[in-house]
Amino acid sequence: MSTEEWQRILREDPEQAELRISDLREDPEGLRALAHALLQDSDPELRAWACRILGEARDVESLSSLLRALEDPEPEVRAAAAWALGIRPVREQQEAVISALRRRLEDQPWVAWVAAEALARYGEAALEALIDGLRHPHPQVRVLAARALARIASPRSIPALAAALEDPSLLVRHFAEAGLDRLSGTSWIWLT
């Protein structure tokens with residue numbers, strides 16, 4: 001199918017597009033070629049679809065393209081790239097991926113949320129970036145970092161989550177408490 005046919009299906013029939021993308025898994029070369037053509041399109045919706053398609057590929061070239069898409073001027077594309085990077089965490093360039101996703105925590109709220117979800121999927125590998133996020137001056141970053149750390153529930157995050165119980169943001173404190181609850185299997189009692 002030509003790029004023009006793909007563009008039409010992606011714009012007009014997303015359900016059909018999803019089915020056809022599944023078929024592309026059998027043709028990694030075609031998958032990458034289509035995604036790279038769409039990444040050059042002026043339409044941010046098609047660039048976002050390109051990220052979705054690249055999420056099916058697990059090669060270094062596709063990973064590099066997704067990292068570049070995290071810097072796209074359109075938030076829809078950045079969110080799609082973050083989602084694709086988190087759908088199946090990879091070991092290749094893991095530090096670069098985590099660092100790039102960490103920077104997106106400062107993005108528009110919905111892009112930042114998707115980036116935090118992706119970071120949580122990297123688990124222990126993302127702990128340092130998320131613990132660092134708990135010290136960020138912007139409350140959005142601290143909230144998302146605390147939420148992701150609560151989802152990971154690593155014993156290594158206990159000191160940072162305990163310190164976050166004193167954060168000025170109610171949501172940071174909530175997610176820190178939730179993470180500690182999850183780790184301990186008990187509920188924390190607020191002492192004042």
Side-chain angles (χ1 to χ4, degrees), residues 32 35-36 38-154 156-161 163-164 167-176 178-179:
R32 282 190 301 278
H36 292 294
L38 294 174
L39 280 173
Q40 306 308 313
D41 201 283
S42 61
D43 183 349
E45 182 179 351
L46 292 177
R47 293 196 310 274
W49 271 108
C51 294
R52 161 66 186 93
I53 291 166
L54 287 171
E56 297 294 327
R58 284 289 156 240
D59 60 274
V60 174
E61 182 183 341
S62 297
L63 188 60
S64 296
S65 295
L66 286 170
L67 287 171
R68 284 190 302 278
L70 274 178
E71 304 300 324
D72 194 276
E74 294 297 325
E76 176 181 7
V77 179
R78 294 191 306 271
W83 175 84
L85 287 165
I87 194 169
R88 280 188 231 104
V90 296
R91 293 208 184 278
E92 296 84 12
Q93 298 183 23
Q94 185 169 277
E95 286 183 29
V97 171
I98 289 170
S99 177
L101 288 170
R102 163 68 178 82
R103 286 190 305 276
R104 292 282 59 95
L105 294 178
E106 299 176 39
D107 208 320
Q108 294 183 15
W110 62 283
V111 176
W113 184 83
V114 175
E117 289 292 308
L119 281 167
R121 289 176 175 248
Y122 278 84
E124 294 276 334
L127 283 182
E128 291 306 314
L130 292 167
I131 289 170
D132 183 52
L134 283 177
R135 295 184 289 269
H136 195 278
H138 195 288
Q140 169 183 290
V141 176
R142 295 193 316 271
V143 167
L144 292 169
R147 184 175 182 273
L149 286 168
R151 290 192 57 215
I152 295 170
S154 169
R156 290 180 37 215
S157 66
I158 291 173
L161 290 172
D167 194 276
S169 166
L170 173 66
L171 286 174
V172 172
R173 293 190 310 265
H174 165 76
F175 287 120

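Residue numbers run from 1 in the order of the sequence given. Scope of the values below: all heavy atoms of this structure, side chains included, with no hydrogens, waters or symmetry mates.
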**Message:** Test of understanding: with side chain to side chain donor-acceptor pair (under 3.5 Å), list the residues that count as partners of E45, not counting sequence neighbours.
**Reply:** none
**Asked** So which heavy atom on V77 is nearest to which on C51, and how close?
**Response** O-SG, 4.0 Å
**Message:** What I'd like to find out is whether the side chain of S157 reaches to under 4.5 Å of the side chain of I152, using heavy atoms alone.
**Reply:** no
**Side-chain donor-acceptor contact under 3.5 Å, S64 with R68** = no
**Request:** Evaluate the criterion side chain to side chain contact (heavy atoms under 4.5 Å, CB included) for residue pair E117 and W83; output intermediate values, then yes/no.
**Result:** CA-CA 8 Å; E117 289 292 308; W83 175 84; over 6 Å; no
**Message:** Is it the case that the side chain of R88 and the backbone of G55 share a donor-acceptor pair, with hydrogens and angles ignored and the cut-off at 3.5 Å?
**Reply:** yes
**Asked** Could you walk me through whether Y122 and V90 pass the side chain to side chain contact (heavy atoms under 4.5 Å, CB included) check?
**Response** CA-CA 8 Å; Y122 278 84; V90 296; 4.0 Å; yes
**V143 and H174: CA distance, side-chain angles, deciding distance, side chain to side chain contact (heavy atoms under 4.5 Å, CB included) verdict** = CA-CA 9 Å; V143 167; H174 165 76; over 6 Å; no
**Request:** Answer yes or no: is there a side-chain heavy-atom contact under 4.5 Å between F175 and L149?
**Result:** no
**Message:** For the backbone of Q40 and the side chain of R47, can you confirm whether one donor and one acceptor N or O come within less than 3.5 Å of each other?
**Reply:** no
**Message:** If I compare all heavy atoms of L85 with all of L101, which pair ends up nearest, and what's the gap?
**Reply:** CD1-CD2, 4.3 Å
**Asked** With distance as the sole test, does R78 use its side chain to make a donor-acceptor pair with the main-chain N or O of P73 at under 3.5 Å?
**Response** yes
**Prompt:** Do R156 and E128 sit within salt-bridge range, that is, some charged N less than 4.0 Å from a carboxylate O?
**Reply:** yes
**Request:** Name all residues meeting the side chain to side chain donor-acceptor pair (under 3.5 Å) criterion together with E71; count only those two or more places apart in sequence or in a different chain, and write none if there are none.
**Result:** R104
**Item:** Partner residues of S154 under the side chain to side chain donor-acceptor pair (under 3.5 Å) criterion, sequence neighbours left out
**Value:** E124
**Message:** Quick check: closest heavy atoms across A112 and L105, and the distance to 0.1 Å?
**Reply:** CB-O, 3.4 Å
**Request:** Of all the heavy-atom pairs spanning G133 and A145, show the shortest one and how long it is.
**Result:** C-CB, 3.8 Å
**Asked** What closest approach, in Å, do P44 and E74 show between heavy atoms, and which atom pair accounts for it?
**Response** CB-CG, 3.6 Å
**Asked** How many angstroms lie between atom CG of L144 and atom CG of L171, to the nearest 0.5 angstrom?
**Response** 9.5 Å
**Asked** What distance do L54 atom CG and E61 atom CD have between them, rounded to the nearest 0.5 Å?
**Response** 9.0 Å
**Complete:** R173 and A164 have their tightest heavy-atom pair at CG-O, 3.6 Å
**Asked** Which residues pass the side chain to side chain contact (heavy atoms under 4.5 Å, CB included) test with A163, sequence neighbours left out?
**Response** none
**Asked** Partners of H136 by side chain to side chain donor-acceptor pair (under 3.5 Å), sequence neighbours excluded?
**Response** E106
**Request:** Supply the atom-to-atom distance S99 OG to L119 CG, rounded to the nearest 0.5 angstrom.
**Result:** 10.0 Å
**Message:** Taking the side chain as everything from C-beta on, heavy atoms only, tell me whether V172 gets closer than 4.5 Å to P139.
**Reply:** no
**P109: side chain to side chain contact (heavy atoms under 4.5 Å, CB included) partners, not counting sequence neighbours** = Q140
